[in-house]
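What follows is a short report on a single structure.
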Amino acid sequence: GAVVSQHPSRVICKSGTSVKIECRSLDFQATTMFWYRQFPKKSLMLMATSNEGSKATYEQGVEKDKFLINHASLTLSTLTVTSAHPEDSSFYICSAIDEYFSNYGYTFGSGTRLTVV
Amino acid sequence: GENVEQHPSTLSVQEGDSAVIKCTYSDSASNYFPWYKQELGKRPQLIIDIRSNVGEKKDQRIAVTLNKTAKHFSLHITETQPEDSAVYFCAAISSGTYKYIFGTGTRLKVLA
């Protein structure tokens, strides 16, 4: 089945630094990747939609200069949290889909727990 | 845009009993409705899905029903087991896109 790898699984960083999270589709070409944020005991909030070779589309209220998304290839999308602050601490999770073969089913990455101290 | 509401937020059932979680959606053009199970600190796992051209789908102890007219769909788990304890999310596809709009989640506890 489709597999999406996400790294790192956990990261602790100092306030003001930047953190990069990678999301890779291992056995399929991900035409579209999605980045979600999840607060403790809350639902998944869509942050942005990432299409290979084009600029990401951000959801309302998500700062695109704060959360930089790059989808450089059909198998890799990255989310960089720039100048991180404690309020950016959260669980970030990506999902990927191959629109040409999909039946709408997502494959989720394993998630990244970011803690900003 | 699409809006998905999910109820209840928490649900406790005795082992062996049934559990039902309900979701309503707003966009009548939505045509795909997956259900995910998420254990603490882990990724959501797809457990069942249904398309708008089907009214019901079943997979062993899990079933999903869809009422397009009323714009709601439900997850039914029968003969619940302790390992069914998790958070369950419903979702609907925002029409014209592949974006999922998730419900707020239901924390299911199966009591042994």
Side-chain angles (χ1 to χ4, degrees), chain A residues 1-10 21 23 25 30-52 56-62 71 90-115, chain B residues 1-11 21 23 25 27 29-54 57 59 64 66 73 86-109:
Chain A
V3 177
V4 173
S5 172
Q6 184 173 342
H7 293 282
S9 58
R10 289 177 181 272
I21 303 169
C23 182
S25 57
T31 53
T32 306
M33 288 186 173
F34 302 90
W35 287 95
Y36 287 86
R37 181 174 182 176
Q38 187 175 33
F39 292 101
K41 298 186 179 181
K42 297 293 183 183
S43 189
L44 295 101
M45 182 191 78
L46 179 64
M47 298 174 68
T49 302
S50 166
N51 291 295
E52 184 264 338
T57 303
Y58 290 81
E59 295 299 302
Q60 192 172 11
V62 179
H71 194 153
S90 192
F91 188 63
Y92 293 87
I93 191 163
C94 67
S95 65
I97 193 168
D98 182 345
E99 293 182 25
Y100 298 110
F101 292 98
S102 167
N103 59 356
Y104 293 122
Y106 275 13
T107 302
F108 280 95
S110 52
T112 298
R113 184 159 304 282
L114 170 64
T115 304
Chain B
E2 177 65 278
N3 183 51
V4 178
E5 294 187 359
Q6 182 171 347
H7 299 280
S9 56
T10 60
L11 178 61
I21 303 170
C23 286
Y25 61 98
D27 186 351
S30 290
N31 58 1
Y32 177 70
F33 308 93
W35 283 91
Y36 283 85
K37 176 184 180 182
Q38 187 180 29
E39 297 178 359
L40 190 62
K42 297 191 176 180
R43 77 184 84 193
Q45 298 277 6
L46 178 69
I47 55 171
I48 198 166
D49 56 12
I50 193 167
R51 297 183 184 281
S52 59
N53 59 347
V54 176
K57 184 177 178 180
D59 183 3
V64 55
L66 171 65
F73 57 111
V87 179
Y88 292 80
F89 292 99
C90 63
I93 284 276
S94 185
S95 61
T97 75
Y98 284 88
K99 293 198 299 187
Y100 284 8
I101 305 302
F102 283 91
T104 47
T106 296
R107 186 169 301 276
L108 173 65
K109 293 183 183 177

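Computed from a predicted model, the values in this text were never measured in an experiment. In what follows, chains carry the letters A, B, and so on, assigned in the order in which the sequence lines appear, proteins first and then strands, with residues in each chain numbered from 1.
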Taking all non-hydrogen atoms of both residues, which atom of A:Ser43 and which atom of B:Thr104 are closest, and how far apart? CB-CA, 3.8 Å

Turns out that what part of A:Ile93 lies under 4.5 Å from chain B's heavy atoms comes down to side chain

Mind telling me whether B:Tyr100 and A:Tyr106 have parallel, tilted or perpendicular rings, with 30° and 60° as the class edges? parallel

Would you call B:Tyr98 and A:Thr32 a side-chain contact if the rule is heavy atoms closer than 4.5 Å? no

Would you mind reporting whether A:Gln38 and B:Phe89 have side-chain heavy atoms less than 4.5 Å apart? yes

Return the minimal non-hydrogen interatomic distance between A:Phe34 and B:Lys99, and the atom names on each side. CE2-CG, 3.7 Å

Bottom line for B:Pro44: the part with an atom under 4.5 Å from chain A's heavy atoms is both

By salt bridge (Lys or Arg N to Asp or Glu O under 4.0 Å) - contacts of A:Glu52 (at least two apart): none

Rounded distance (nearest 0.5 Å) linking atom CD of A:Glu59 with atom CD1 of B:Ile101: 6.5 Å

Counting only heavy atoms closer than 4.5 Å, note whether A:Phe108 contacts chain B via side chain, backbone, both or neither. both

Those residues that, when tested against B:Glu39, pass side-chain hydrogen bond (donor to acceptor under 3.5 Å, both in side chains) (two or more places apart): none

Name the region of B:Gln45, side chain, backbone, both or neither, that has any atom closer than 4.5 Å to a heavy atom of chain A. neither

Looking only at non-hydrogen atoms, find the nearest pair between A:Ser110 and B:Arg43 and report the distance. CB-NH2, 3.2 Å

